[in-house]
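Please read the structure below before turning to the comments.
Both backbone and side-chain heavy atoms feed into the values below; hydrogens, waters and symmetry mates do not. Please read all numbers here as calculations on a predicted model, not as lab measurements. Lettering of chains follows the sequences in order, A, B, ..., and the numbering in each one begins at 1.
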2 protein chains.
Amino acid sequence: MLKNNEFIDKLRASGLRPTKQRLKICEVLFNREKTFHFTINDLAKNISEQLNEKISLATVYNTVHAFKEKGYLKEISINSNKSYFDTNISDHHHFFDEDTSELIDCDNEDIEEINIKKNITGKKINSVEVLIKIASDNQNQK
Amino acid sequence: MLKNNEFIDKLRASGLRPTKQRLKICEVLFNREKTFHFTINDLAKNISEQLNEKISLATVYNTVHAFKEKGYLKEISINSNKSYFDTNISDHHHFFDEDTSELIDCDNEDIEEINIKKNITGKKINSVEVLIKIASDNQNQK
DNA sequence: TCAACAGTTTAGAATAATTATAATGTAGTT
DNA sequence: AACTACATTATAATTATTCTAAACTGTTGA
């Protein structure tokens with residue numbers, strides 16, 4: 001739970017001006033107990049429900065991308081028509097529920113360490129993301 | 001290396017009519033030594049280069065999705081503005097080169113078995129996909 | 001063989017997410 | 001206060017993909 005002043009400092013420290021739009025977005029994204037997953041549309045809706053004056057969709061895009069650049073958000077690799085983001089920037093993986101299109105965190109304790117034996121010369125590994133697609137188990141219960 | 005007749009049988013066997021468009025797409029996709037990755041656009045371009053009369057883009061979409069339904073293609077989970085498909089339908093993972101946007105197979109021998117400890121009640125695991133993002137290692141060579 | 005029908009193809013329109021544009025606004029500095 | 005670079009905004013543009021409805025074709029069975 002950060003306060004407005006802390007957001008201001010954090011933004012300034014990373015070279016982003018603390019505008020009122022960015023502060024509002026910080027509040028919506030980071031002023032929570034738990035991390036969560038969202039799409040740009042989710043976020044824009046969330047903001048407009050909480051706010052009288054609206055924030056332009058372009059600003060939401062700009063801000064989310066800026067926050068991602070600065071490492072305050074992670075983009076999740078899933079092939080969907082829209083992009084998913086995560087406020088949990090720690091190293092972790094995901095379940096994707098194909099019935100509900102819902103993302104669920106899979107913490108590192110829930111998965112054995114992944115050891116990649118192959119090496120691509122001249123390249124370094126930036127990230128290793130596991131996506132576990134799940135769906136209702138009805139088939140097997142017949 | 002399959003012949004035209006074999007494609008016809010395969011299509012019929014899975015309830016798809018062997019039209020000349022589908023046979024051409026089969027040829028482009030499956031008449032090769034090695035499996036490969038592609039986007040719809042790649043495929044459409046590839047076809048139009050090899051063919052005088054063109055295949056409608058809608059048909060390419062329809063066919064790729066039909067082939068995916070039947071299990072002849074796999075879609076790769078990567079967050080990009082476009083969808084990537086793979087003619088290698090075996091269980092395997094991918095490197096994604098962020099410099100070139102190129103996908104590289106990571107065979108199962110190249111990665112230790114992934115053991116998921118967490119269980120989501122009432123849900124079965126449909127797939128486990130690992131995406132390893134890589135990029136040039138120049139930074140470290142300074 | 002051929003008519004009938006369901007499955008396919010097609011061009012083009014529609015949709016949806018995202019990015020670009022260019023004018024206006026604002027934070028930070030002098 | 002004034003200047004400047006960065007931000008926001010509405011809107012247009014772009015891009016991948018899906019939809020639509022008409023024309024076409026593979027298959028079946030008389």
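Remark: C1' of dA7(D) and CD1 of Ile55(A) are 12 Å apart, rounded to the nearest angstrom. Residue Glu53(A) contributes atom CD, which lies 13 Å from atom C1' of dT9(D) at whole-angstrom precision. With rounding to whole Å, Tyr84(B) atom OH is found 10 Å from dA16(D) atom P. In this entry the distance linking CD1 of Ile25(A) with C1' of dT9(D) reads 13 Å, nearest Å. Atoms CG (Asp42(B)) and C1' (dT15(D)) sit 15 Å apart, rounded to a whole Å. When rounded to the nearest whole Å, the span between CZ of Phe67(A) and P of dA7(D) equals 11 Å.
Taking 4.0 angstrom as the limit, His65(B) places a side-chain polar atom (N or O) nearer than this to OP1 or OP2 of dT18(D).
No donor-acceptor pair under 3.5 Å is formed between the side chain of Thr87(A) and the backbone N or O of Thr35(A). Looking at Ser14(B), its side chain does come within 3.5 Å of a backbone N or O of Lys10(B) through a donor-acceptor pair.
Under the 4.5 Å side-chain heavy-atom criterion for ILVMFWY residues, no single connected hydrophobic cluster contains both Val128(B) and Ile76(B).
There is no side-chain donor-acceptor pair under 3.5 Å between Asn62(A) and Thr59(A). Asp105(A) and His37(A) share a side-chain donor-acceptor pair at under 3.5 Å. Side chain to side chain, Asn88(A) and Ser90(A) meet the donor-acceptor criterion of an N or O pair below 3.5 Å. Side-chain atoms of Asn79(A) and Ser77(B) include a donor-acceptor pair closer than 3.5 Å. Counting only N and O atoms by type, the side chains of Asp86(B) and His92(B) include a donor and acceptor under 3.5 Å apart.
Atoms CG and CG, on Leu23(A) and Asn31(A) in that order, are 11.5 Å from each other to the nearest 0.5 Å.
Of the residues in residues 15-24 of chain B, those lying under 4.0 Å from DNA chain D by heavy-atom distance are Arg17(B), Pro18(B). For the contact set between residues 56-63 of chain A and DNA chain D, defined by any heavy atom under 4.0 Å, the members are Ser56(A), Ala58(A), Thr59(A), Asn62(A).
In this structure, Thr39(A) reaches neither bases nor backbone, as no heavy-atom distance under 4.0 Å exists between it and the strands shown.
The span of DNA chain C lying next to chain B, judged by atoms under 4.0 Å from heavy atoms, is bounded 5' to 3' by dA6(C) to dA11(C).
Summarising the geometry of Val60(A) relative to Ile25(A), their closest heavy-atom pair is CA-CD1, 4.3 Å, with the distance given to 0.1 Å.
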Apply side chain to side chain contact (heavy atoms under 4.5 Å, CB included) to Glu129(B) and Glu129(A), showing your working. CA-CA 8 Å; Glu129(B) 291 179 67; Glu129(A) 290 179 67; over 6 Å; no
